[in-house]
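The structure appears below as C-alpha coordinates.
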Amino acid sequence: MERTPIVELKNLSKTIHGKKIIDDVSLLLYPGQITGFLGPNGAGKTTTIRMMVGLMKKSGGDVVIDGQTLSADFEEAMSKVGVIVENPEMYKFMTGYKNLLHFARMHKGVTKERIDEVVRQVGMQNRIHEKVGTYSLGMRQRLGLAQALLHRPKFLILDEPTNGLDPAGIREFRQYLRMIAETEGVSVFVSSHMLSEIELMCDRIAVIQNGKLVDIRDVRETRESHYYIEAAPAEKAAVLLRTAGFETEPLESGVVIQAEKAQIPAVVQELSAEGLDIFAIQPHRRTLEDEFLELTGGGQLAETAAK
Ligand SMILES: Nc1ncnc2c1ncn2[C@@H]1O[C@H](COP(=O)(O)OP(=O)(O)OP(=O)(O)O)[C@@H](O)[C@H]1O
Ligand SMILES: [Mg+2]
(Lines give C-alpha, C1' and ligand atoms only; values in the text may rest on other atoms or scores of the structure.)
(Ligands and ions follow the chains in the order given, each with its own letter.)
Protein backbone atom coordinates (compact mmCIF):
# COMPACT_ATOMS: atom_id res chain seq x y z
CA MET A 1 0.00 0.00 0.00
CA GLU A 2 1.91 3.04 -1.28
CA ARG A 3 0.35 6.10 0.23
CA THR A 4 1.62 9.49 1.22
CA PRO A 5 2.02 9.90 4.95
CA ILE A 6 0.25 12.87 6.50
CA VAL A 7 2.53 13.00 9.54
CA GLU A 8 6.19 12.25 9.86
CA LEU A 9 8.16 12.01 13.09
CA LYS A 10 11.82 12.43 12.24
CA ASN A 11 14.36 11.33 14.81
CA LEU A 12 12.37 12.90 17.62
CA SER A 13 14.36 13.05 20.87
CA LYS A 14 14.03 14.44 24.36
CA THR A 15 16.69 14.69 27.03
CA ILE A 16 15.81 15.82 30.54
CA HIS A 17 18.59 16.36 33.08
CA GLY A 18 21.03 14.49 30.87
CA LYS A 19 18.72 11.49 30.59
CA LYS A 20 17.34 10.41 27.20
CA ILE A 21 13.58 10.13 27.73
CA ILE A 22 12.77 9.86 24.01
CA ASP A 23 15.44 8.33 21.85
CA ASP A 24 15.42 8.95 18.10
CA VAL A 25 11.77 8.12 17.36
CA SER A 26 10.86 8.06 13.64
CA LEU A 27 7.39 7.15 12.43
CA LEU A 28 5.06 7.70 9.46
CA LEU A 29 1.30 8.09 9.92
CA TYR A 30 -1.20 7.69 7.07
CA PRO A 31 -4.64 9.18 6.24
CA GLY A 32 -7.63 7.08 7.25
CA GLN A 33 -5.51 4.84 9.44
CA ILE A 34 -5.65 4.43 13.19
CA THR A 35 -2.19 3.93 14.62
CA GLY A 36 -1.85 2.77 18.20
CA PHE A 37 1.00 4.03 20.35
CA LEU A 38 1.52 1.24 22.81
CA GLY A 39 3.85 1.17 25.76
CA PRO A 40 3.96 0.54 29.50
CA ASN A 41 3.74 3.33 32.07
CA GLY A 42 6.72 5.62 31.76
CA ALA A 43 7.66 4.44 28.27
CA GLY A 44 7.44 7.96 26.83
CA LYS A 45 4.01 8.14 25.15
CA THR A 46 2.86 11.39 26.72
CA THR A 47 6.27 13.01 26.27
CA THR A 48 6.26 12.14 22.56
CA ILE A 49 2.70 13.41 22.12
CA ARG A 50 3.41 16.64 24.01
CA MET A 51 6.36 17.32 21.71
CA MET A 52 4.21 16.56 18.67
CA VAL A 53 1.73 19.30 19.59
CA GLY A 54 4.23 21.85 20.86
CA LEU A 55 3.36 21.48 24.56
CA MET A 56 6.95 20.50 25.25
CA LYS A 57 10.20 21.54 23.57
CA LYS A 58 12.01 18.95 21.49
CA SER A 59 15.66 18.19 22.19
CA GLY A 60 16.18 16.93 18.66
CA GLY A 61 14.46 15.89 15.47
CA ASP A 62 11.28 17.32 13.99
CA VAL A 63 7.64 16.65 13.17
CA VAL A 64 6.16 17.26 9.72
CA ILE A 65 2.38 17.59 9.50
CA ASP A 66 0.84 17.77 6.04
CA GLY A 67 4.06 19.20 4.61
CA GLN A 68 4.56 21.80 7.37
CA THR A 69 7.43 21.48 9.80
CA LEU A 70 6.53 21.98 13.43
CA SER A 71 9.71 23.95 14.17
CA ALA A 72 9.37 26.29 11.17
CA ASP A 73 5.59 26.61 10.63
CA PHE A 74 4.08 25.86 14.01
CA GLU A 75 0.72 27.60 13.57
CA GLU A 76 0.20 26.26 10.09
CA ALA A 77 1.15 22.72 11.12
CA MET A 78 -1.09 22.80 14.20
CA SER A 79 -4.09 24.03 12.21
CA LYS A 80 -4.25 20.50 10.75
CA VAL A 81 -4.28 18.82 14.16
CA GLY A 82 -7.02 17.87 16.60
CA VAL A 83 -5.85 16.95 20.09
CA ILE A 84 -7.20 15.31 23.19
CA VAL A 85 -4.49 15.30 25.84
CA GLU A 86 -5.60 14.11 29.28
CA ASN A 87 -9.12 15.22 30.13
CA PRO A 88 -10.63 17.62 27.64
CA GLU A 89 -11.23 21.10 29.04
CA MET A 90 -14.97 21.77 29.21
CA TYR A 91 -17.19 24.30 30.91
CA LYS A 92 -19.41 22.23 33.18
CA PHE A 93 -22.05 24.89 33.74
CA MET A 94 -22.62 25.31 29.99
CA THR A 95 -24.38 22.88 27.69
CA GLY A 96 -22.36 20.63 25.40
CA TYR A 97 -23.57 22.69 22.47
CA LYS A 98 -22.48 26.01 24.02
CA ASN A 99 -19.08 24.48 24.69
CA LEU A 100 -18.76 23.53 21.04
CA LEU A 101 -19.88 27.03 19.96
CA HIS A 102 -17.21 28.47 22.23
CA PHE A 103 -14.47 26.28 20.77
CA ALA A 104 -15.74 26.84 17.23
CA ARG A 105 -14.95 30.56 17.59
CA MET A 106 -11.26 29.70 18.04
CA HIS A 107 -11.07 28.45 14.47
CA LYS A 108 -11.83 30.06 11.16
CA GLY A 109 -14.78 28.81 9.17
CA VAL A 110 -16.50 26.40 11.57
CA THR A 111 -20.17 26.63 10.61
CA LYS A 112 -23.27 25.69 12.61
CA GLU A 113 -23.73 22.85 10.13
CA ARG A 114 -20.28 21.54 11.00
CA ILE A 115 -21.13 21.63 14.70
CA ASP A 116 -24.30 19.62 14.03
CA GLU A 117 -22.28 17.20 11.95
CA VAL A 118 -19.69 16.44 14.65
CA VAL A 119 -22.47 16.13 17.23
CA ARG A 120 -24.04 13.44 15.06
CA GLN A 121 -20.70 11.77 14.47
CA VAL A 122 -20.18 11.19 18.17
CA GLY A 123 -23.83 10.27 18.78
CA MET A 124 -24.62 13.20 21.11
CA GLN A 125 -27.77 14.57 19.43
CA ASN A 126 -30.04 13.70 22.34
CA ARG A 127 -27.97 15.23 25.12
CA ILE A 128 -26.08 18.06 23.47
CA HIS A 129 -28.36 20.78 24.95
CA GLU A 130 -27.84 19.57 28.51
CA LYS A 131 -25.15 20.90 30.82
CA VAL A 132 -21.78 19.17 30.64
CA GLY A 133 -21.91 18.75 34.42
CA THR A 134 -24.66 16.16 33.93
CA TYR A 135 -22.63 14.08 31.46
CA SER A 136 -21.02 10.74 32.21
CA LEU A 137 -17.28 10.36 31.63
CA GLY A 138 -17.95 8.54 28.35
CA MET A 139 -20.10 11.42 27.11
CA ARG A 140 -17.49 13.99 28.12
CA GLN A 141 -14.88 12.04 26.15
CA ARG A 142 -17.17 12.02 23.13
CA LEU A 143 -17.79 15.73 23.46
CA GLY A 144 -14.01 16.16 23.61
CA LEU A 145 -13.75 14.19 20.41
CA ALA A 146 -16.41 16.39 18.77
CA GLN A 147 -14.50 19.49 19.87
CA ALA A 148 -11.21 18.17 18.49
CA LEU A 149 -12.89 17.52 15.12
CA LEU A 150 -14.63 20.88 14.66
CA HIS A 151 -12.01 22.42 12.36
CA ARG A 152 -11.73 19.26 10.20
CA PRO A 153 -8.23 18.26 11.26
CA LYS A 154 -6.34 15.84 9.05
CA PHE A 155 -4.63 14.40 12.05
CA LEU A 156 -6.09 13.51 15.43
CA ILE A 157 -3.93 12.77 18.48
CA LEU A 158 -5.34 11.20 21.63
CA ASP A 159 -3.38 10.36 24.77
CA GLU A 160 -5.02 7.42 26.58
CA PRO A 161 -8.57 8.53 25.70
CA THR A 162 -10.24 5.49 27.21
CA ASN A 163 -8.68 5.82 30.67
CA GLY A 164 -11.48 5.43 33.21
CA LEU A 165 -14.11 4.28 30.70
CA ASP A 166 -15.97 1.02 31.31
CA PRO A 167 -15.91 -1.75 28.66
CA ALA A 168 -19.08 -0.49 26.99
CA GLY A 169 -17.72 3.06 26.92
CA ILE A 170 -14.42 1.87 25.46
CA ARG A 171 -16.22 -0.06 22.77
CA GLU A 172 -18.38 2.89 21.87
CA PHE A 173 -15.42 5.24 21.74
CA ARG A 174 -13.60 2.78 19.51
CA GLN A 175 -16.51 2.67 17.08
CA TYR A 176 -16.67 6.46 16.85
CA LEU A 177 -12.94 6.66 16.20
CA ARG A 178 -13.18 4.06 13.46
CA MET A 179 -16.09 5.86 11.83
CA ILE A 180 -14.24 9.19 11.92
CA ALA A 181 -11.08 7.71 10.41
CA GLU A 182 -13.16 6.22 7.62
CA THR A 183 -15.63 8.99 6.83
CA GLU A 184 -13.28 11.95 7.28
CA GLY A 185 -10.07 10.24 6.17
CA VAL A 186 -8.42 11.45 9.36
CA SER A 187 -5.16 9.89 10.46
CA VAL A 188 -5.57 8.93 14.13
CA PHE A 189 -2.74 8.43 16.60
CA VAL A 190 -3.92 7.01 19.91
CA SER A 191 -1.83 5.98 22.90
CA SER A 192 -2.58 3.26 25.41
CA HIS A 193 -0.77 0.94 27.77
CA MET A 194 -3.28 -1.85 27.06
CA LEU A 195 -2.44 -4.38 24.39
CA SER A 196 -5.94 -5.78 24.08
CA GLU A 197 -7.47 -2.37 23.60
CA ILE A 198 -4.96 -1.21 20.98
CA GLU A 199 -5.37 -4.47 19.12
CA LEU A 200 -9.11 -3.93 18.74
CA MET A 201 -8.93 -0.25 17.98
CA CYS A 202 -6.05 0.10 15.54
CA ASP A 203 -4.85 -0.77 12.06
CA ARG A 204 -1.22 -0.35 12.97
CA ILE A 205 0.73 -0.44 16.18
CA ALA A 206 3.89 1.37 17.14
CA VAL A 207 5.42 0.03 20.32
CA ILE A 208 7.52 2.24 22.57
CA GLN A 209 9.67 0.91 25.37
CA ASN A 210 12.13 2.96 27.41
CA GLY A 211 11.82 5.87 24.98
CA LYS A 212 12.64 3.82 21.89
CA LEU A 213 10.32 2.55 19.15
CA VAL A 214 10.84 -1.19 19.29
CA ASP A 215 8.26 -2.35 16.77
CA ILE A 216 5.82 -1.13 14.14
CA ARG A 217 3.34 -3.60 12.73
CA ASP A 218 0.09 -4.04 10.92
CA VAL A 219 -2.72 -5.54 13.01
CA ARG A 220 -4.85 -7.13 10.30
CA GLU A 221 -1.92 -8.82 8.60
CA THR A 222 -1.04 -10.49 11.84
CA ARG A 223 -4.56 -11.73 12.32
CA GLU A 224 -5.26 -13.30 8.98
CA SER A 225 -2.21 -15.40 8.30
CA HIS A 226 -3.03 -18.25 10.69
CA TYR A 227 -5.73 -20.91 10.50
CA TYR A 228 -6.86 -23.43 13.06
CA ILE A 229 -7.73 -26.84 11.62
CA GLU A 230 -9.56 -29.34 13.76
CA ALA A 231 -8.97 -32.78 12.25
CA ALA A 232 -8.61 -36.38 13.39
CA PRO A 233 -6.20 -37.84 13.93
CA ALA A 234 -4.65 -34.50 14.82
CA GLU A 235 -1.08 -35.81 14.92
CA LYS A 236 -1.37 -37.14 11.40
CA ALA A 237 -2.75 -33.81 10.19
CA ALA A 238 0.22 -32.02 11.71
CA VAL A 239 2.71 -34.36 10.03
CA LEU A 240 1.02 -34.06 6.64
CA LEU A 241 0.86 -30.29 6.81
CA ARG A 242 4.45 -29.99 7.94
CA THR A 243 5.51 -32.24 5.07
CA ALA A 244 3.54 -29.99 2.73
CA GLY A 245 5.74 -27.14 3.87
CA PHE A 246 3.47 -25.32 6.35
CA GLU A 247 4.62 -23.95 9.64
CA THR A 248 2.49 -25.81 12.18
CA GLU A 249 1.71 -25.56 15.84
CA PRO A 250 -0.35 -28.20 17.69
CA LEU A 251 -3.41 -26.87 19.52
CA GLU A 252 -6.01 -28.90 21.42
CA SER A 253 -7.57 -31.40 18.99
CA GLY A 254 -6.11 -29.77 15.90
CA VAL A 255 -3.29 -27.79 14.46
CA VAL A 256 -2.62 -24.14 13.67
CA ILE A 257 -0.96 -23.45 10.35
CA GLN A 258 0.46 -20.33 8.84
CA ALA A 259 -1.18 -19.97 5.43
CA GLU A 260 -2.84 -17.68 2.91
CA LYS A 261 -6.59 -17.96 2.57
CA ALA A 262 -6.13 -19.10 -1.04
CA GLN A 263 -4.22 -22.16 0.14
CA ILE A 264 -7.04 -23.49 2.32
CA PRO A 265 -9.04 -25.42 -0.35
CA ALA A 266 -5.92 -27.37 -1.32
CA VAL A 267 -5.23 -28.13 2.33
CA VAL A 268 -8.77 -29.50 2.74
CA GLN A 269 -8.43 -31.69 -0.33
CA GLU A 270 -5.08 -33.02 0.78
CA LEU A 271 -6.31 -33.93 4.26
CA SER A 272 -9.50 -35.55 2.89
CA ALA A 273 -7.53 -37.53 0.32
CA GLU A 274 -5.43 -38.91 3.16
CA GLY A 275 -8.59 -40.09 4.90
CA LEU A 276 -8.59 -37.57 7.75
CA ASP A 277 -11.82 -36.27 9.25
CA ILE A 278 -12.06 -32.48 9.20
CA PHE A 279 -14.35 -30.93 11.80
CA ALA A 280 -13.56 -27.24 11.54
CA ILE A 281 -11.34 -24.67 9.88
CA GLN A 282 -11.23 -21.13 11.10
CA PRO A 283 -8.93 -18.11 11.04
CA HIS A 284 -6.79 -18.31 14.13
CA ARG A 285 -6.65 -14.95 15.78
CA ARG A 286 -3.24 -14.87 17.29
CA THR A 287 -3.42 -12.14 19.82
CA LEU A 288 -0.92 -9.40 19.85
CA GLU A 289 0.15 -10.69 23.20
CA ASP A 290 1.32 -13.94 21.55
CA GLU A 291 3.24 -11.86 19.05
CA PHE A 292 4.93 -9.84 21.72
CA LEU A 293 5.80 -12.81 23.83
CA GLU A 294 7.56 -14.10 20.76
CA LEU A 295 9.13 -10.75 20.04
CA THR A 296 10.46 -10.12 23.52
CA GLY A 297 11.16 -13.74 24.32
CA GLY A 298 9.19 -13.56 27.54
CA GLY A 299 6.70 -10.73 27.50
CA GLN A 300 8.52 -7.99 29.33
CA LEU A 301 6.28 -5.36 27.81
CA ALA A 302 4.23 -4.60 30.88
CA GLU A 303 6.97 -4.89 33.45
CA THR A 304 9.84 -2.96 31.93
CA ALA A 305 9.39 0.60 33.08
CA ALA A 306 11.84 3.28 32.03
CA LYS A 307 13.92 4.05 35.05
N1 LIG B 1 9.46 16.87 33.27
C2 LIG B 1 10.07 15.70 33.46
N3 LIG B 1 11.20 15.62 34.19
C4 LIG B 1 11.84 14.45 34.38
N5 LIG B 1 11.41 13.28 33.89
C6 LIG B 1 10.30 13.29 33.15
C7 LIG B 1 9.56 14.48 32.89
N8 LIG B 1 8.50 14.17 32.13
C9 LIG B 1 8.56 12.84 31.93
N10 LIG B 1 9.64 12.30 32.53
C11 LIG B 1 10.03 10.88 32.51
O12 LIG B 1 9.99 10.46 31.19
C13 LIG B 1 9.56 9.10 31.10
C14 LIG B 1 8.39 9.00 30.15
O15 LIG B 1 7.24 9.59 30.72
P16 LIG B 1 5.85 9.68 29.97
O17 LIG B 1 4.92 10.41 30.84
O18 LIG B 1 6.08 10.22 28.61
O19 LIG B 1 5.45 8.15 29.86
P20 LIG B 1 4.05 7.51 29.39
O21 LIG B 1 4.42 6.46 28.39
O22 LIG B 1 3.13 8.57 28.95
O23 LIG B 1 3.55 6.79 30.70
P24 LIG B 1 2.04 6.58 31.28
O25 LIG B 1 1.53 5.31 30.66
O26 LIG B 1 2.27 6.41 32.74
O27 LIG B 1 1.23 7.77 30.95
C28 LIG B 1 9.24 8.67 32.53
O29 LIG B 1 10.33 7.96 33.03
C30 LIG B 1 9.07 10.00 33.24
O31 LIG B 1 9.41 9.86 34.59
MG1 LIG C 1 1.21 9.14 29.61
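We're numbering straight along the sequence, starting at 1. In listed order, ligands and their atoms are each counted from 1.
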Min N/O separation Gly39 to ligand 1 under 3.5 Å
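No; every N/O pair is 3.5 Å or more apart.
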Ligand 1 to His193 polar contact by distance, N or O atoms, under 3.5 Å:
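No.
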In terms of the angle between their ring planes, are Tyr91 and Phe103 parallel, tilted or perpendicular, with boundaries placed at 30° and 60°?
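Geometry flag for Phe103 against Tyr91: parallel rings.
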Under 4.0 Å, counting heavy atoms only: does [X] come that close to any atom of ligand 1?
X     : answer
His17 : no
Gly42 : yes
Pro40 : yes

ring-ring contact (aromatic ring centres under 6.0 Å, His included) evaluation trace for Tyr227 with His284
CA-CA 5 Å; Tyr227 288 85; His284 181 59; 9.6 Å; no
Per atom 25 (O) of ligand 1, closest listed option by heavy atom (Lys14, Gln209, Lys45)
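Residue with the shortest heavy-atom distance to the ligand atom: Lys45.
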Any atoms of ligand 1 less than 4.0 Å from a non-hydrogen atom of [X]? List them with their elements.
X     : value
Thr47 : 9 (C), 14 (C), 15 (O), 16 (P), 18 (O)
Ile21 : 11 (C), 12 (O), 13 (C), 14 (C)
Thr46 : 17 (O), 18 (O), 20 (P), 22 (O), 27 (O)

Are Ile84 and Asp159 packed together at the side-chain level, in the sense that at least one heavy-atom pair is separated by less than 4.5 angstrom?
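Heavy-atom side-chain distance check fails, nothing below 4.5 Å.
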Within 2.8 Å of the Mg ion (ligand 2), is there any N, O or S atom belonging to Ser191?
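So Ser191 does not count as coordinating the Mg ion (ligand 2).
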Please name the pair of heavy atoms, one in Arg178 and one in Met201, separated by the smallest distance, quoted to 0.1 Å.
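Between these two residues, the closest heavy atoms are NH2-O, 3.3 Å.
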Let me confirm one number: the CG-CD distance from Leu150 to Gln147, rounded to the nearest 0.5 Å.
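Rounded to the nearest 0.5 Å, the CG-CD separation comes to 7.0 Å.
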Between the side chains of Thr69 and Asp62, does any donor sit under 3.5 Å from an acceptor?
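There is no such pair between these side chains.
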Between Leu9 and Thr48, does the side-chain contact (heavy atoms from CB on, under 4.5 Å) criterion hold? Intermediate values first, please.
CA-CA 10 Å; Leu9 306 196; Thr48 304; 4.2 Å; yes
